Amino acid sequence: MHLPYGLEVSDSCQDCKIRSEGYFCDFDAELVKSFEALKYATVFPKGAVLFVEGQSPRGVFMLCTGRVKLTTCSSDGKAIITRIAEGGEVLGLGAAVSGKPYMVTAETLNPCQVNFIKREDFLRFLKENGTACLRVAEHLSNNYHNAFEQVRSLGLSHSASEKLAKLMLEWCTKAGKETDKGISIKLTLTHEEIAQIIGASRETVTRLLGDFKSKQIIYVKGSTLIIRDKAALVAMVSS
């Protein structure tokens with residue numbers, strides 16, 4: 001079924017063509033049926049806030065399609081993007097299980113389809129299904145691993161240029177496409193959002209991008225980023 005924002009929405013988890021291996025939608029048929037009975041499917045536009053840091057957990061949000069940025073803020077308003085969530089991930093999982101407030105704010109980066117499940121329904125589902133409990137443990141372990149990698153990157157990188165180089169190499173691995181001009185990446189983040197990921201200022205990111213361009217390491221046209229010299233990025237990280 002087609003809805004606004006250019007999304008092709010799937011109302012049924014059982015018939016969904018984009019079910020992600022390793023996530024909550026990758027259960028056997030009976031478990032998927034039980035899971036689907038609990039969900040509330042919603043389509044959100046870009047810039048919608050799913051939940052806010054410090055808010056009591058209402059439930060979990062299963063991201064079917066789209067991307068969501070998870071942000072935490074200091075008391076003086078400085079923000080860091082802890083992660084960019086992709087389709088298939090479950091957001092708010094730790095808070096829903098522990099009963100503690102959400103630790104981040106979740107905001108859509110583009111139009112998204114999201115399945116929401118109330119906390120009490122979700123906890124009951126876990127109590128009745130051991131397979132689902134194991135999947136929760138796997139998901140939380142992955143979140144811990146990602147958090148550790150980010151702390152290591154922010155804490156042990158010697159410069160903002162090294163952090164930006166690491167981020168670009170990560171983009172190459174996750175979403176890069178080989179072309180005759182280099183590795184092509186769809187750039188969906190603003191300079192401010194990139195700065196929030198690497199713990200730098202927007203001005204620093206703008207300056208570094210300009211420096212990378214002048215050295216022929218990257219090329220930017222509109223929302224397309226071309227990595228022309230991946231070896232140079234690797235050298236920045238290795239040094």
Side-chain angles (χ1 to χ4, degrees), residues 5-8 18 20-23 46-47 63-72 78-89 91 104 106-112 142-239:
Y5 315 123
L7 288 179
E8 184 170 341
I18 56 172
S20 303
E21 184 177 351
Y23 290 107
K46 176 182 178 180
L63 181 59
C64 298
T65 58
R67 302 166 77 233
V68 171
K69 67 176 179 179
L70 306 178
T71 309
T72 184
K78 184 177 181 180
I80 290 180
I81 295 177
T82 62
R83 189 161 57 89
I84 304 294
E86 306 281 350
E89 296 191 49
L91 309 180
V104 294
E107 180 182 346
T108 59
L109 284 171
N110 51 9
C112 299
N142 287 334
N143 290 347
Y144 172 81
H145 175 78
N146 292 333
F148 178 82
E149 285 295 326
Q150 184 182 36
V151 169
R152 183 167 65 176
S153 177
L154 291 176
L156 299 181
S157 297
H158 296 92
S159 65
S161 60
E162 182 181 346
K163 295 175 185 177
L164 183 57
K166 282 184 178 179
L167 182 62
M168 288 185 173
L169 289 173
E170 183 181 323
W171 290 344
C172 288
T173 300
K174 289 185 176 180
K177 295 181 179 179
E178 293 283 354
T179 70
D180 56 350
K181 296 181 180 179
I183 302 175
S184 177
I185 301 166
K186 189 71 172 178
L187 192 58
T188 59
L189 300 173
T190 65
H191 289 194
E192 179 67 28
E193 288 168 336
I194 295 172
Q196 290 173 356
I197 292 175
I198 67 173
S201 67
R202 181 189 58 77
E203 293 78 12
T204 296
V205 168
T206 301
R207 176 178 57 80
L208 287 174
L209 290 174
D211 185 44
F212 285 10
K213 289 180 196 176
S214 66
K215 293 178 179 178
Q216 300 295 304
I217 297 174
I218 65 170
Y219 171 75
V220 180
K221 183 176 182 181
S223 61
T224 301
L225 169 67
I226 303 292
I227 305 296
R228 285 178 162 175
D229 191 352
K230 184 179 178 181
L233 297 178
V234 173
M236 288 184 202
V237 173
S238 300
S239 62

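Just so you know, these numbers come straight off a predicted model, no measurement behind them.
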In short, Met236 meets Ile217 closest at the heavy-atom pair CE-CD1, 3.4 Å
Taking the side chain as every heavy atom from C-beta outward, state whether Leu209 and Met168 have any atom pair closer than 4.5 Å.
yes
Could you state the interatomic distance from CG (Leu91) to CG (Leu63), rounded to the nearest 0.5 Å?
6.0 Å
Is there a side-chain contact between Ile81 and Thr71 in this structure, where contact means two heavy atoms from C-beta onward sitting under 4.5 Å apart?
yes
Answer yes or no: is there a side-chain heavy-atom contact under 4.5 Å between Lys213 and Val220?
yes
Nearest-0.5 Å distance that lies between atom CD in Glu192 and atom OG1 in Thr206:
9.0 Å
Taking the side chain as everything from C-beta on, heavy atoms only, tell me whether Cys112 gets closer than 4.5 Å to Arg67.
no
Closest non-hydrogen atom pair between Lys181 and Ile226, with its separation
O-CG2, 3.5 Å
Between the main-chain N or O of Lys177 and the side-chain N or O of Ser184, is there a donor-acceptor pair closer than 3.5 Å?
no
To the nearest 0.5 angstrom, please state how far the CG atom of Leu187 sits from the CD atom of Glu193.
10.0 Å
Can you tell me how far apart CG (Leu167) and CD1 (Ile197) are? Round to the nearest 0.5 Å.
5.5 Å
To the closest 0.5 Å, what do you measure between NE2 (His191) and OG (Ser201)?
12.0 Å
Does the side chain of Asn143 reach to within under 4.5 Å of the side chain of Arg83, using non-hydrogen atoms?
yes
Closest non-hydrogen atoms of Leu70 and Ala106, given as atom of the first, atom of the second and distance, are CD2-CB, 3.6 Å
Are the side chains of Asn110 and Thr188 in touch, meaning some heavy atoms are under 4.5 Å apart?
no
Applying the side-chain contact (heavy atoms from CB on, under 4.5 Å) test to Leu109, which of Leu189, Val68, Thr190 qualifies?
Leu189
Exercise: identify the closest heavy-atom pair between Ala195 and Arg202
CB-N, 3.7 Å
Any side-chain heavy-atom pair of Trp171 and Leu225 under 4.5 Å:
yes
Any side-chain heavy-atom pair from Leu164 and Thr204 closer than 4.5 angstrom?
no
With rounding to the nearest 0.5 angstrom, report the CD1 to CD distance, Ile84 to Glu89.
10.5 Å
